[in-house]
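Sequence lines set the chain letters: A, B, ... in the order given, protein chains first and strands last, and positions in each chain run from 1. All of these numbers come straight from a predicted model, not from anything done at the bench.
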Amino acid sequence: MEDIPVDKLTKEEARAELARLSGVMRRAEDAYYQQDAPVMDDAAYDALKARNLAIEARFPALVRADSPSRRVGAAPASGFGKIRHAVPMLSLGNAFSDEDVVEFDARVRKFLSLEGPVHYTAEPKIDGLSLSIRYESGALVYAATRGDGEVGEDVTANARHVRGIPHRIEHAPEILEVRGEVYMEHAAFEALNARQQAAGEKPFSNPRNAAAGSLRQLDAEITATRPLAFFAYAWGALSAPLADTQKGAIERLADMGFATNPLTVLCESPKALLAQYREIERQRATLGYDIDGVVYKVNDLALQARLGMRSTTPRWAIAHKFPAETAWTRLEAIDIQVGRTGALSPVARLHPVTVGGVVVRNATLHNEDYIKGVDSKGAPIREGRDIREGDWVEVYRAGDVIPKIRDVDLSKRENPHLYAFPTRCPVCGSAAVREPGEAVARCTGAFSCAAQRLEKLKHFVSRQAFDIDGLGAKQMQAFVEWGWVADPADIFTLRARHGDALARREGWGATSARNLFAAIEARRTIPLNRLIFALGIRHVGESSAMLLARTYQSWAAFQAAMIAAQPREGAAWEELNGIDGVGEVMAASVVEFFHTASTRQMVDNLVAQLTIEDVRPPDTGGSKVAGKTVVFTGTLSRVTRAEAKAQAEGLGAKVSGSVSGKTDILVAGEKAGSKLKKAESLGVQVLSEDEWLALIAQTR
DNA sequence: GTGCCTCGAGTTCA
DNA sequence: CTCGAGGCAC
């Protein structure tokens, strides 16, 4: 069967072949990663991988829960396997005030163009860690942590020991991914800490850390002794809808045997949401578990679907957070850090203080204005009070994560001197320049500044860039200190120059050195978008790098165009600046990068070491409107303007506001006016709303 | 010119 | 996670 070409396989053969590949590849991965004794060379493994992917592309319904394509990379010997979520796990937008909640409701109704009230559910936001659990034919197949939202850790064995998670469910859809929060009750947390202390182990600082630590035990038997609980509140992939409403879906999950939060209620107005918020706040101390706010969701699932997503958060839900816990402490000093773009960032060194169960020693001070007590527009923050070394300051953790300074106690101030923001880089001594209208001061030392150089190199090997296993910030710093790496190309000649010496260094051995060099070799071939991102061109992040890669498709074409481009004139500039999503600032930055001798040299040296993979433009699923420029006019009756736009863009169309020679399609609703006339005079194709909806339903 | 929305860049601790 | 800035629609 392994010899049958993919396009000749029957469905049954494909099913069997996927099962075989999964097993063979799993054994190869184990041998390679766990036992460090490969049974297959890379080319053979890649061939299997390609075959597996091709079969899955032809028979998407047959993709196995344990498919090799879902095993991202492979499990390190001491860690967890990775699982790619079939549907990404989202984060929620935040509301901090009553006003934010009223605005949320207004946004929802405006997007849907509804005058009447929208109904919402309100439920406590549990302070634990989110988990996605997949069931197939009613059986628990795997459980994964949120991770970065796309890829999480496989904690299946541990999840089976969590209260509120059934191992088997009845009357469930064929495929069901249940999402919810794993947490630890206060009583269980106290008892666990007492046991920890009796055993001479370190106690956990709070229930959330205890829950996270317990769920991430490598030995599931240890997890079994930790009293973890679970509330289901959402779902991912589904083979059939659970209900018509959020509330109904939650009740359905409860019927299947999942624990759901008893404080989940329906609210018919923002006013009712706020009342429920107060009610939950009132009960907070007696709930027996930690919560950090209240989550509101549009109840009608059809409306949720219409509202859809923004880039990382749904439009149909928001988390109303309780005020963050704060603590007062002494600001011992203000230090300056230098980032990869040269940005000078002030950091507050604090007398250690516990905030929300975590000891905080540092807090970001953002920039010069933040210390002065004003925002970017000069409006006062902290009522204009500035921050000085030696001050007593109030610390909180923004989003329960990033320590920040909320306020300063002037009555305890002893330091008579305003903080003087440096005018020179503290690392290299170059002038630090703050451009008019900008918030940050930057070191002008570029590559000759040791701090900038190191940060640029760290960026180069970061996860979204070259992502070299075993070469993180720490290792990079060491290589730079030893004088082994000064620019990116050096990474790829490291083995030849210092391979033997590395194996003798402290903390390194023959095996770890070999693994590192293997990882470096694996990245010698790199997709164009990753390379562009890795270069660290100002204003070009991950997504702009992808945009550029998709436009130029090959390194040769990209480089030639950038070298040919002159700032603000000529065809090459127009093409670059004309990319949707690229403006003057980014375009100028990229052109300057390629016209600077030192960076050009750095790039040439690097590229000589690499094989750069072309990038194909995105697949728009064969839609008829892909690549077309569309304009909507008049009153649409079946969808709102915003929905129509989101829909069209999802299919690869560009939506514009005005009719011009570039317009391909005008969609005219009721009472279309001047745009319709203009379109007719230009000979642009005009469609009614129904014709448009019929068109986008077709695929090529 | 104003007001979204998205992206880039910088940050903390376990 | 958050702020500031860039890009674009209105």
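Remark: C1' of dG7(C) and CG of D580(A) are 9 Å apart, rounded to the nearest angstrom. Atom CD1 of I537(A) and atom P of dG6(C) are 16 Å apart (whole Å). The CD-C1' distance, from E368(A) to dG4(C), rounds to 15 Å in whole Å. Atom CG of L344(A) and atom C1' of dA9(B) are 14 Å apart (whole Å). The distance from atom NE2 of H539(A) to atom C1' of dC7(B) is 12 Å, rounded to the nearest whole Å. At whole-Å resolution of the value, CD in E438(A) and P in dC3(C) are 18 Å apart. Atom-to-atom, CE of M586(A) to C1' of dC7(B) comes out at 8 Å; the value is rounded to the nearest Å. What separates OH of Y370(A) from P of dG4(C) is a distance of 10 Å, to the nearest Å.
Nucleic acid contact class of V440(A) (heavy atoms, under 4.0 Å, all strands): none. In this structure, Y396(A) reaches neither bases nor backbone, as no heavy-atom distance under 4.0 Å exists between it and the strands shown. Residue S544(A) is classed as a sugar-phosphate contact, given heavy-atom separations below 4.0 Å to backbone atoms only.
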Just the table, please: protein N/O against nucleotides 10-14 of chain B N/O, every pair under 3.5 Å.
residue : atom : partner : partner atom : Å
dG10(B) : OP1  : T341(A) : OG1          : 2.6
dG10(B) : O3'  : S345(A) : OG           : 2.9
dT11(B) : OP1  : Q337(A) : OE1          : 2.9
dT11(B) : OP1  : S345(A) : OG           : 3.2
dC13(B) : OP1  : R361(A) : N            : 2.8
dC13(B) : OP1  : N362(A) : N            : 3.0
dC13(B) : OP2  : N362(A) : ND2          : 2.9

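Considering V347(A), V360(A), V353(A) in turn, V360(A) is the only one that fulfils the side-chain contact (heavy atoms from CB on, under 4.5 Å) rule with P403(A).
Under a cutoff of 6.0 Å and an axis angle of 45°, R453(A) and F447(A) do not form a cation-pi pair.
You'll find the side chain of F466(A) stays beyond 4.5 Å of the side chain of R530(A), heavy atoms only.
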Side-chain polar contacts of residues 334-341 of chain A - donor-acceptor pairs under 3.5 angstrom, sequence neighbours left out - could you list them?
residue : atom : partner : partner atom : Å
D335(A) : OD2  : R349(A) : NE           : 2.8
R340(A) : NE   : H459(A) : ND1          : 3.3
T341(A) : OG1  : R442(A) : NH1          : 2.6

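Evaluation of the ring pair (Phe, Tyr, Trp, His ring centres under 6.0 Å) test over residues 355-378 of chain A, restricted to residues two or more places apart or in two chains, returns H366(A)-Y370(A).
Listed candidates were dC8(C), dT2(C), dG8(B). Nearest to the side chain of N94(A) is dT2(C). Between dC3(C), dA5(C), dC8(C), one nucleotide has an atom nearer to the side chain of A439(A) than all others, and that is dA5(C).
Residue S543(A) places at least one side-chain N or O under 4.0 Å from the OP1 or OP2 atom of dC7(B).
More than 12 non-hydrogen atoms from other residues, nucleotides or ligands lie less than 6.0 angstrom from CD of E574(A).
Aromatic ring centres of Y183(A) and F189(A) lie farther apart than the 6.0 Å criterion allows.
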